[in-house]
Structures are given as C-alpha cells and as structure tokens.
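Notes to accompany the following structure.
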Amino acid sequence: MLYLPTLRAERAAAEAALNKRGLNGAALVEQLLQADDARRAAQVALDDCLAESNLLAKAVGDFFKTGQKAEADAAREKSTALKETAKRLEAVLREAENALQSLLVAVPNTPHASVPAGKSAEDNEEIRSSGSIPQLHEGAVPHWDLASRYNLIDFELGVKITGAGFPVYLGKGARLQRALIQFFLDRNTAAGYTEVQPPHFVNEASGFGTGQLPDKEGQMYHAVADNLYAIPTAEVPVTNLYRDVIVDESDLPIRHTAYTPCFRREAGSYGKDVRGLNRLHQFDKVEVVTIDRPEDSYGRLEEMVQHVAGLLDALELPYRILRLCGGDMGFTSALTYDFEVWSAAQQRWLEVSSVSNFETYQANRLKLRYRRTSDRKTQLAHTLNGSALALPRVVAALLENHQDENGIRIPAALVPYTGFDRIS
RNA sequence: GGUGAGGUGGGUGAGAGGCUGAAACCACCAGUUUGCUAAACUGACGUACGCGCAAGUGUACCGCGGGUUCGAAUCCCGCCCUCACCGCCA
C-alpha cells in the first residue's frame with residue numbers, strides 16, 4: 001500500500017515509476033490524491049462538528065453543577081441536534097475512507113529507479129550469469145524420468161492420496177529434501193539470519209499485511225471453517241511477526257530465516273510449466289526476511305543477492321540473475337532480482353529464487369515502524385525477502401545437471417548433509 | 001467439546017457515567033550527581049489522522065462493531081480473541 005505523504009511529496013517520481021509497469025501513473029496518482037483530499041475534507045468537517053459537540057457536553061455538565069437548569073436544557077437540545085449532523089458527516093467520512101482504501105489496495109508498488117520499463121519476461125534485464133552449462137551425455141533425461149528411475153519421487157502416489165502437485169518423496173529423494181533444507185538453514189544462520197519456525201496457517205490480518213489479501217485470495221488454500229489460510233511462503237508469517245510493531249532503530253537490521261512448506265493453488269497453470277517438479281501445490285522453501293532502515297535497504301538487497309548466489313555456487317549449479325522489468329514484477333515489490341538455474345535436460349531456465357525490496361509498501365500495511373534514535377520519531381521501515389532457496393526446481397536442476405550414465409553426483413558441499421555422494 | 005475468568009498505554013495494573021488520554025509501579029529517553037558503573041534525584045514520556053509558517057491545536061483510539069445518554073474505558077446488545085480447569089488426543 002503506497003504511503004500517501006510520500007506520494008504527495010514525490011508525485012512526479014511516483015507517476016514515472018508506475019508508468020514502468022505499463023500503467024497510467026499520472027491518472028492513478030491523481031485518483032489517489034483526489035480520494036485523499038475528499039477524505040481529508042470529510043474528516044475536517046466531522047472533527048469540527050465533534051469538537052462543538054464536546055464543548056456542549058462539557059457545558060451541560062457545568063450548567064448542572066451551578067444549577068443553571070434552563071441553560072443546561074438549551075445546550076442539551078442543541079447537542080441532540082448536532083448528533084444528527086455528526087452521524088451524517090461520519091457516514092460521508094466512512095465512504096470517503098472506503099473509496100480511498102479500495103483504490104490504495106489496487107495500486108501496486110512504485111518500481112525503483114533501476115527497474116527497466118517493460119511488459120513481460122522478455123524485458124527483464126540479465127545482471128550476470130555464473131557457472132558453466134553442462135554437456136550432458138547421450139540419453140540424458142529430464143528430472144521426472146530420473147526421479148522414477150532411481151525411485152526418488154512418486155508423483156502418482158501423491159495424486160492418489162491428495163492430488164496432482166503433491167509429490168511423495170522416497171528414500172534418497174526424501175533425504176535429499178531434508179539435506180537441502182538443513183544446508184540452506186545452516187548457511188543462512190551463518191550469514192546472520194536468525195532461524196524462526198512460524199505457523200503454517202495465518203489469519204486474515206496477516207494475509208493482508210504482506211499483500212496476499214485481498215487481491216491474491218484465489219491463490220491460497222483457505223480453511224473456511226476457521227478462516228485461516230495455508231501460507232504460500234514463509235514471508236507471510238515471518239514478516240507478520242512485526243505487524244503493529246515499533247522497533248528500535250538500534251535493533252535494525254532484523255534478519256530471519258525460516259523453513260516452511262508452501263501451499264499454492266496455482267489456479268490457471270497448465271502444460272509443460274507444471275511437469276514434474278516445475279510447479280507444485282505443496283513445496284519446501286527456506287526463506288530469508290530482512291527489515292531495515294530506508295537508507296540501508298538497497299545495500300541489504302545486494303547482500304541478500306550475494307548470499308543467494310553463494311548457495312547456488314555451492315551447489316555447482318549454473319544460474320543467471322535477472323532484474324525484473326516493471327511489468328513482470330510482483331504487485332508489492334519495488335525491485336526484484338530473480339535467480340534462474342539452467343535445467344540442462346529440459347533446456348530451459350527455472351526460477352529458484354526471487355529477492356525483493358518492498359520498501360514501505362508492506363510496512364505501511366503492517367504498520368511496521370521503527371523509532372529513530374536521533375529524534376525519537378517513528379518512521380515506516382523497509383521490508384525485504386528472498387528465497388534461499390525453493391527446493392523443487394533446485395532438485396530438478398541438481399538431478400538433471402549432475403547426471404551421468406550411471407547415476408547422479410551430489411555436490412561436495414551437500415554430501416555431509418545427504419550422507420551419500422551418489423544416487424544410482 | 002464443556003465450564004469459568006478476562007481483554008486498559010512498551011510491561012504490570014488501577015479506574016466502574018462528566019474531575020480520565022487515562023493513577024501507580026516498572027521499562028525507555030534527557031539531565032543532575034559520579035573516577036567508571038551502579039544507586040539516588042529531577043524532568044520528559046502512547047498512536048494515528050487533520051489544521052497551522054511556527055509556538056500550538058482539533059478529532060479518534062481502553063479487543064472489534066452497534067446501542068443508551070447532552071456526555072461512555074465505565075451501562076446494554078452482538079461478535080472476536082486470550083487464559084484457566086475438565087474431557088479427548090499426537
């Protein structure tokens with residue numbers, strides 16, 4: 001949710017930024033500011049009315065005390081009449097607030113200056129790439145074939161007990177999952193992220209806080225009886241730990257890492273995109289979340305990108321880093337870097353991590369502020385997060401890229417965690 | 001699932017129609033004292049939205065939403081949540 005004071009102060013920049021998403025920035029901002037003006041006018045009118053009413057009420061009490069009954073009755077009558085006006089003005093204000101709010105939640109974040117304008121993935125900007133594309137042997141196969149050949153993952157069994165997109169991991173396949181989770185958590189905590197184990201279901205307020213609700217409602221599993229949502233990412237519960245919180249500036253940056261399963265309905269997905277591990281309804285992910293001061297947040301973002309790159313290096317996977325264009329970026333993000341690993345057997349790039357700075361967009365919804373040491377004033381913090389990492393596509397790439405005629409090699413960094421160095 | 005208690009500022013917790021944006025204590029912040037720290041003392045100390053060049057000032061907020069009243073943290077109704085005990089259970 002855009003912060004209106006900033007929007008007013010930096011109007012031209014905000015308009016230009018929204019244009020990069022392919023929106024009409026000028027029109028959107030104009031609409032927002034007009035709605036805000038209407039809200040302000042309504043509030044001033046109501047406040048004045050209530051102020052008068054408060055004075056009258058006080059007068060009634062005073063008149064009673066001094067025994068001035070006639071004056072008391074007169075004031076009382078006047079106050080009763082004011083009540084009607086107040087009621088009307090209150091309705092006007094409420095309507096103005098609702099109008100503003102529904103506009104606000106419909107406007108995405110303003111992209112950072114470095115974000116390229118663009119409509120789709122075509123316009124994303126490659127920042128750098130790393131690792132070499134492996135030359136696979138004759139007869140190399142995609143991960144879904146490897147998964148069944150070595151009995152690592154049973155997709156059909158998952159279909160039986162739950163449905164498509166809920167795979168069952170077996171034997172070394174299951175162990176590989178657990179090893180990766182542990183490996184990522186160890187690396188993240190070593191880098192200064194404090195581990196958290198959050199709930200896997202969240203309430204409505206949390207869904208709103210990080211921006212999943214109301215607009216991405218259909219993407220989450222909803223436990224209707226209790227009105228809880230299965231988390232689509234650990235970002236939701238972990239960031240919401242700081243909802244309605246004013247942290248001290250000296251406590252920043254706050255860094256957390258969390259492993260959770262993630263649940264996504266992925267309504268509308270189909271075809272080769274969803275084959276094998278490419279897109280699942282339930283998957284494992286280790287997340288990193290950072291909260292920091294505005295002036296430091298982009299430095300943090302770079303640190304997070306470096307950190308994620310280090311994970312992929314350790315797994316010996318070839319990857320590239322993209323700076324997403326305005327049109328391809330998530331609704332709530334100001335700047336997003338995507339990490340894609342090369343899937344050698346599928347001959348395509350697979351997204352394994354998305355690292356974003358949300359600036360104050362989430363913080364404004366969350367009411368997450370920090371108190372400055374210098375003047376003790378509160379200010380919205382910046383929130384950032386990134387996957388470090390999402391498992392399924394890492395596993396896909398690991399299996400495909402490290403396969404040879406006799407099996408699959410486990411990268412050295414992971415062997416202490418798997419307890420085996422080959423799958424065969 | 002049953003029964004009971006309760007939701008007040010960063011924390012504990014008083015208040016039971018106007019004297020209450022809210023006692024007291026603790027914490028936090030500034031200062032005095034001090035070789036340093038501690039202690040002691042003094043002062044300041046909620047959030048949000050407005051108005052004002054500013055000093056300042058208006059309004060709202062005591063879980064949420066309604067109601068009664070000239071006036072509600074306080075009375076009434078509905079909802080949500082938390083805790084305790086019992087039952088069941090990994």
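Within every chain, numbering begins at 1; the chains are lettered A, B, ... in the order of the sequence lines, protein sequences first and strands thereafter.
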Expressed in whole Å, how much space separates the P atoms belonging to B:rC77 and B:rG6?
-> 15 Å
C1' spacing across the pair B:rA5 / B:rC19, given as an integer number of angstrom = 32 Å
Kindly write out the residues that satisfy side chain to side chain donor-acceptor pair (under 3.5 Å) with A:R11, not counting sequence neighbours, or none if the list is empty.
-> A:E15, A:E30
Can we say A:R8 and A:D37 salt-bridge, meaning some charged N sits less than 4.0 Å from an Asp/Glu carboxylate O?
-> yes
Say you pick atom C1' in B:rG15 and the same atom in B:rG67; how far apart are they, in whole Å?
-> 23 Å
Pick base, sugar-phosphate or nothing for A:K83, based on heavy-atom distances below 4.0 Å to the nucleic acid.
-> base
Watson-Crick and G-U pairing of RNA chain B written in dot-bracket, each distance under 3.5 angstrom, with | for inter-strand partners | ((((((((.[[[..)..(.....]]]..((((.......))))..((((((....)))))).[[[[[..)....]]]]])))))))....
Can you tell me, in whole Å, how much space there is between the C1' of B:rC76 and that of B:rC89?
-> 40 Å
Got a sec: does the CD of A:E95 have more than 12 other heavy atoms crowding it under 6.0 Å?
-> no
With P as the reference atom in both, quote the distance from B:rC41 to B:rG56 in angstrom, rounded to an integer.
-> 29 Å
P atom, B:rU74 versus B:rG63: distance in rounded Å?
-> 8 Å
Kindly assign one of parallel, tilted or perpendicular to the pair A:F183 and A:Y417, based on the angle between their ring planes and the thresholds 30° and 60°.
-> perpendicular
Looking for any heavy atom pair under 4.0 Å, which part of the strands does A:T378 touch: base, sugar-phosphate only, or nothing?
-> sugar-phosphate
Given the P atoms of B:rA60 and B:rA72, what is the spacing between them in whole Å?
-> 9 Å
Is the shortest heavy-atom distance from the side chain of A:T383 to the side chain of A:V289 under 4.5 Å?
-> no
Want to settle it: does A:P5 or A:S79 sit nearer the 5' end of RNA chain B, counting the closest nucleotide to each?
-> A:P5
Flag if over 12 foreign heavy atoms under 6.0 Å of CD, A:E125 | yes
Please work out if A:L50 contacts a base, only the sugar-phosphate, or nothing of the nucleic acid, heavy-atom cut-off 4.0 Å.
-> sugar-phosphate
Quick one: do A:E303 and A:R300 make a salt bridge, cutoff under 4.0 Å?
-> yes
Opening and closing nucleotides of RNA chain B in contact with chain A, under 4.0 Å to non-hydrogen atoms | B:rG18 to B:rG71
Could you tell me whether A:K216 sits above the aromatic face of A:F331, with NZ or CZ closer than 6.0 angstrom to the six-membered ring centre and within 45 degrees of the axis?
-> no
Describe the nucleic acid contact of A:A51 in one word from base, sugar-phosphate, nothing, applying a heavy-atom distance below 4.0 Å.
-> sugar-phosphate
Within the structure shown, what part of the strands sits under 4.0 Å from A:D62 by heavy-atom distance: base, sugar-phosphate, or nothing?
-> nothing
Going through the distances and angles, do A:R293 and A:E249 end up as a side chain to side chain contact (heavy atoms under 4.5 Å, CB included)?
-> CA-CA 8 Å; A:R293 306 185 299 175; A:E249 183 173 6; 2.7 Å; yes
Taking the side chain as C-beta and beyond, is there a heavy-atom pair between A:L315 and A:L398 under 4.5 Å?
-> yes
Does A:R94 or A:D248 map to a spot on RNA chain B nearer the 5' end, using the closest nucleotide for each?
-> A:D248
Considering only the C1' atoms, how many Å lie between B:rA22 and B:rC45, rounded to the nearest integer?
-> 14 Å
